[in-house]
Amino acid sequence: MKKMLALALAVLMAVCVFAGCAQEAENVLTMGTNAAFPPYEMVDENNKIIGIDAEIAEAVAAKLGMKLEIKDMAFDSLITAVSSGAIDVALAGMTVTEERKESVNFSDTYATGIQVVIVKEDSEIKTIDDLEGKKIGVQSGTTGDIYCSDSPENGGYGEDAVARYDNGALAVQALANGQVDCVVIDNEPAKAFVAANEGLKILETEFAIEDYAAAIAKENTELLESFNKALSELKAEGKLDEIIGKYIKAE
Ligand code: GLN
């Protein structure tokens with residue numbers, strides 16, 4: 001009887017070790033994001049990164065037979081992290097731009113973003129035309145930052161007009177404290193920030209309409225192809241709409 005027990009224990013241990021190894025050997029897809037961009041990415045009460053991008057990446061990874069690992073980092077270090085191979089892919093409500101395309105490849109787009117302007121409810125800023133001479137809060141390295149800090153000849157307001165913050169929440173806090181006159185940021189996080197802070201509103205006039213896509217290293221064409229294939233399957237299956245619909249309720 002004792003022998004049988006010892007044998008059973010040995011088998012059990014062997015299985016555990018084997019399973020452990022198998023898990024180690026499983027392919028890992030490393031995604032980078034900036035988890036302060038609701039509802040695309042945010043941290044839940046258990047410190048888990050959730051949101052549209054996390055779920056899309058999870059679904060893509062499942063299709064590729066890979067295990068997803070998410071790394072939280074500053075938005076403006078994501079492109080370098082992708083091109084240096086520190087992460088496999090960046091999903092961060094990231095807008096496809098010509099400049100970024102010089103450093104990384106973008107997947108097919110999976111969502112649309114709109115740059116909007118957040119102001120205090122009693123602000124004298126009524127439309128985008130009133131931004132002239134105002135202090136504009138932005139999230140460092142985002143398209144909102146790039147447009148606004150551009151020279152007036154290029155449709156921007158110049159470097160001095162812009163105050164940069166590490167994330168959108170800090171920019172919105174600066175607005176609430178009166179350190180900036182407005183914040184230019186993507187519409188969905190804007191809605192979330194306005195809902196969470198009293199006395200703020202989003203201007204009706206939109207700043208720019210953009211496409212979101214995943215960034216992948218130039219040389220990793222294999223992942224680009226398999227990512228796009230998985231993404232188009234998710235679109236066809238209605239899974240993509242389902243994920244987006246879970247976080248963004250139709251108005
Ligand atoms: N869509 C914007 C950009 O790509 C902002 C993204 C973000 O802040 N996560 O620059």
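In this text, all values refer to a predicted model and were calculated from it rather than measured experimentally. First listed ligand is number 1; within each ligand, the first listed atom is number 1.
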### Message
At under 4.0 Å between heavy atoms, is it the side chain or the backbone of Y212 that contacts ligand 1, or both, or neither?
### Response
side chain
#### Entry: Any side-chain heavy-atom pair of M94 and F75 under 4.5 Å
yes
### Query
Taking atom CG of D160 as the centre, does the number of heavy atoms from other residues, nucleotides or ligands within less than 6.0 Å exceed 12?
no
### Message
Between ligand 1 and G93, is the shortest N or O to N or O distance under 3.5 Å?
### Response
yes
### Query
Less than 3.5 Å between some nitrogen or oxygen of Q115 and one of ligand 1, yes or no?
no
### Task
Kindly indicate, with the supporting measurements, whether the criterion side-chain contact (heavy atoms from CB on, under 4.5 Å) is fulfilled by M73 and T80.
CA-CA 11 Å; M73 52 184 80; T80 312; over 6 Å; no
## Note on the structure
Note: ligand 1 atoms sitting under 4.0 Å from heavy atoms of A92 are 6 (C), 7 (C), 9 (N)
### Message
Just checking K235: does its NZ atom have more than 12 heavy atoms from other residues, nucleotides or ligands closer to it than 6.0 angstrom?
### Response
yes
### Task
Could you tell me whether ligand 1 has any atom less than 4.0 Å away from a heavy atom of R100?
yes
### Task
Could you walk me through whether I50 and E55 pass side-chain contact (heavy atoms from CB on, under 4.5 Å), step by step?
CA-CA 7 Å; I50 58 164; E55 289 206 25; 5.9 Å; no
### Task
Select one of side chain, backbone, both or neither to describe which atoms of D186 lie under 4.0 Å from any atom of ligand 1, heavy atoms only.
side chain
### Query
Would you say F75 has any N or O atom under 3.5 Å from an N or O of ligand 1, going by distance alone?
no
### Task
Kindly confirm or rule out an N or O of E41 lying under 3.5 angstrom from an N or O of ligand 1.
no
### Message
Tell me whether the count of non-hydrogen atoms from other residues, nucleotides or ligands lying under 6.0 Å of CD in E121 goes above 12.
### Response
yes
### Query
For atom 7 (C) of ligand 1, what is the nearest protein heavy atom, given as residue, atom name and distance?
F37 CE1, 3.2 Å
### Message
Is it the case that over 12 heavy atoms from other parts of the model lie below 6.0 angstrom from the CG atom of D166?
### Response
no
### Query
Is it the side chain, the backbone, both or neither of E188 that has a heavy atom closer than 4.0 Å to ligand 1?
neither
### Protein heavy-atom partner closest to atom 8 (O) of ligand 1 - residue, atom, separation in Å
Q139 OE1, 2.8 Å
### Task
Would you indicate whether K48, at its atom NZ, is surrounded by more than 12 heavy atoms from other residues, nucleotides or ligands within a distance under 6.0 Å?
no
### Query
At a 4.0 Å cut-off, with the gap strictly under it, does some heavy atom of G113 reach an atom of ligand 1?
no
